[in-house]
Amino acid sequence: MPELPEVETVRRGLESILLGARISNVVVRNRRLRWPIPPDFEAQLVGLSLVSVERRSKYLLFRLSATEFVRAVAPRMTSQPGIAVNPLPQVVGTLLAHLGMTGSFIAHRADSLPAPRTHDHVDLHLTARDRPYVLRYNDPRRFGSMHFFEGNDAAQPLLAHLGPEPLTDALDAAYLYRETRRRTGPIKQALMDNSLVVGVGNIYANESLFRAGIHPNRAANRISLARHVRLVREVKAVLTEAIAAGGSTLRDFVNTAGERGYFQLDYFVYGRDGKPCKVCGTPLKLMRHGGRATVFCPTCQR
DNA sequence: AAATAATCCTGCGGGC
DNA sequence: TGCCCGCAGGATTATT
């Protein structure tokens, strides 16, 4: 179940393999994702080359150019405001994709492409450095989405109302404190509200609150600035550590090479209700926020 | 404006 | 063994 660290893991994998690749063909087997894949999707993509893969919230943005170019020797770091090694061609459009709950992109060498299996909805045929690949999108639950757009990100309804990225300076304690003054609901749900801050789903909300020692039920506007400082620090830390571990693999997450992540081994609370707290030994409790399981330590979290 | 509920979907695991 | 049911959950949309 991809959250920000899993999407970032996928982004890095895609860039490392497919930067500069030209899309030669697009095969859509099932258009019925979260929103239907538009009928002109395939025609819009064929012939374009991959300039970069960026991430905004849990969306992947494949920046595409009409002109082919040679991949730079050093990969361009798009997660940080980096310096392009070579001048990059002009972006003419963007493939916007979301993995939903169960989506995955796997890059196959074209000469060892398996026969399509159930839920293999989209194949992007690409050629990178004269080597043909097929980037295959699989999504059993079809909560993911995919479409192409031209123009500014801000004009995209899906991107227009997103809060700041948690791993940038746009998220700090002063911001979170200020923006929660009128929120009387549980901090857990505020953290998961994408208009406040993006990329923190159920798993990492649980983990961040535990590590910050904050009870998930505490009203957001009744948390002091000092405790917001700690919360912001832990949100950033838990996401950063999860990215370093290649994300979390519960049932089904795999990266672009089909490999699993390992951060689930470091969970303090998620999925551990009834088990002893790793810090104090108290049995962890389960409650629900908006249908989502919340696990917390009644001793460590206040 | 904020909070809550309903909705989409398939796979899996528990209970009987 | 097999069937039913609840649950998993991101994010939009609708409703209060």
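Every heavy atom of this structure was used, including side-chain atoms; hydrogens, water molecules and symmetry mates were not. In what follows, every chain begins at residue 1, and chains take the letters A, B, ... in the order their sequences are listed. Everything numeric here is computed off the predicted structure, so don't read it as measured data.
At B:dT4, none of the side-chain N or O atoms of A:His289 fall inside 4.0 Å of OP1 or OP2 (strictly under the cut-off). Considering only side-chain N and O atoms, A:Arg142 lies nowhere under 4.0 angstrom from the phosphate OP1 or OP2 of B:dC8. Taking side-chain N and O atoms only, A:His98 has no distance below 4.0 Å to OP1 or OP2 of C:dG10. Using a 4.0 Å cut-off, no side-chain N or O of A:Tyr204 falls inside it from OP1 or OP2 of C:dG10. A close approach under 4.0 Å does not occur between any side-chain nitrogen or oxygen of A:Thr102 and OP1 or OP2 of B:dG11. Of the side-chain N and O atoms in A:Arg32, one or more sit less than 4.0 angstrom from OP1 or OP2 of B:dC9.
At whole-Å resolution of the value, CG in A:Asn221 and P in B:dA3 are 8 Å apart. One interatomic measurement links the two molecules: CG of A:Leu158 to P of C:dA11, which rounds to 10 Å at whole-angstrom precision. Counting to the nearest Å, the C1' atom of C:dG6 and the CG atom of A:Leu286 are 14 Å from each other. Spacing between atom CE of A:Met192 and atom P of B:dT4 amounts to 14 Å, rounded to whole angstrom units. Between the CZ atom of A:Arg56 and the C1' atom of C:dG10 there is a distance of 16 Å, rounded to whole Å. Atom CG in A:Asn202 sits roughly 9 Å away from atom P in C:dA8 (whole-Å rounding). If you take CD1 of A:Ile203 and C1' of C:dA8, they are 10 Å apart, rounded to a whole angstrom.
Across all strands shown, A:Arg34 has heavy atoms under 4.0 Å from base atoms, whether or not it also approaches the sugar-phosphate. Contact annotation for A:Arg292: base contact, defined as any heavy-atom pair under 4.0 Å involving a base atom. No engagement by A:Arg181 is indicated, since no non-hydrogen atom pair under 4.0 Å with the nucleic acid exists. Within 4.0 Å of A:Gly290, counting heavy atoms only, lies no atom of the nucleic acid at all.
Here B:dA2 is the nucleotide among C:dA11, B:dA2, B:dG11 with the atom lying nearest to any side-chain atom of A:Arg183. Comparing atom distances between the A:Pro140 side chain and each of C:dG10, B:dT10, C:dA8 picks out B:dT10 as nearest. Comparing atom distances between the A:Arg288 side chain and each of B:dA2, C:dA11, C:dA8 picks out C:dA8 as nearest. Distance from the side chain of A:Gln189 is smallest for B:dT4 among the nucleotides C:dG10, B:dT4, C:dT12.
In the interface, the side chain of A:Arg141 is not paired with the base of C:dG10 through any donor and acceptor atom under 3.5 Å apart.
Classification of A:Glu54 and A:Arg63 as a salt-bridged pair holds, one side-chain N sitting under 4.0 Å from a carboxylate O.
Ring-plane geometry between A:Phe296 and A:His215 is classed as tilted, the angle between the planes lying from 30 to 60 degrees on a 0 to 90 degree scale. Ring-plane geometry between A:His121 and A:His119 is classed as perpendicular, the angle between the planes exceeding 60 degrees on a 0 to 90 degree scale with a lower cut at 30.
When the side chain to side chain donor-acceptor pair (under 3.5 Å) test is applied to A:Tyr137, the partners found at least two apart in sequence or on another chain are A:Asp139. Residues forming a ring pair (Phe, Tyr, Trp, His ring centres under 6.0 Å) with A:His289 (at least two apart in sequence, or on another chain): none.
Under the stacking criterion of a centre-to-centre distance below 5.5 angstrom and an interplanar angle below 30°, A:Phe143 is not stacked against the six-membered ring of C:dA11.
Inspection of the A:Asn194 and A:Lys58 side chains reveals no N or O donor paired with an N or O acceptor under 3.5 Å.
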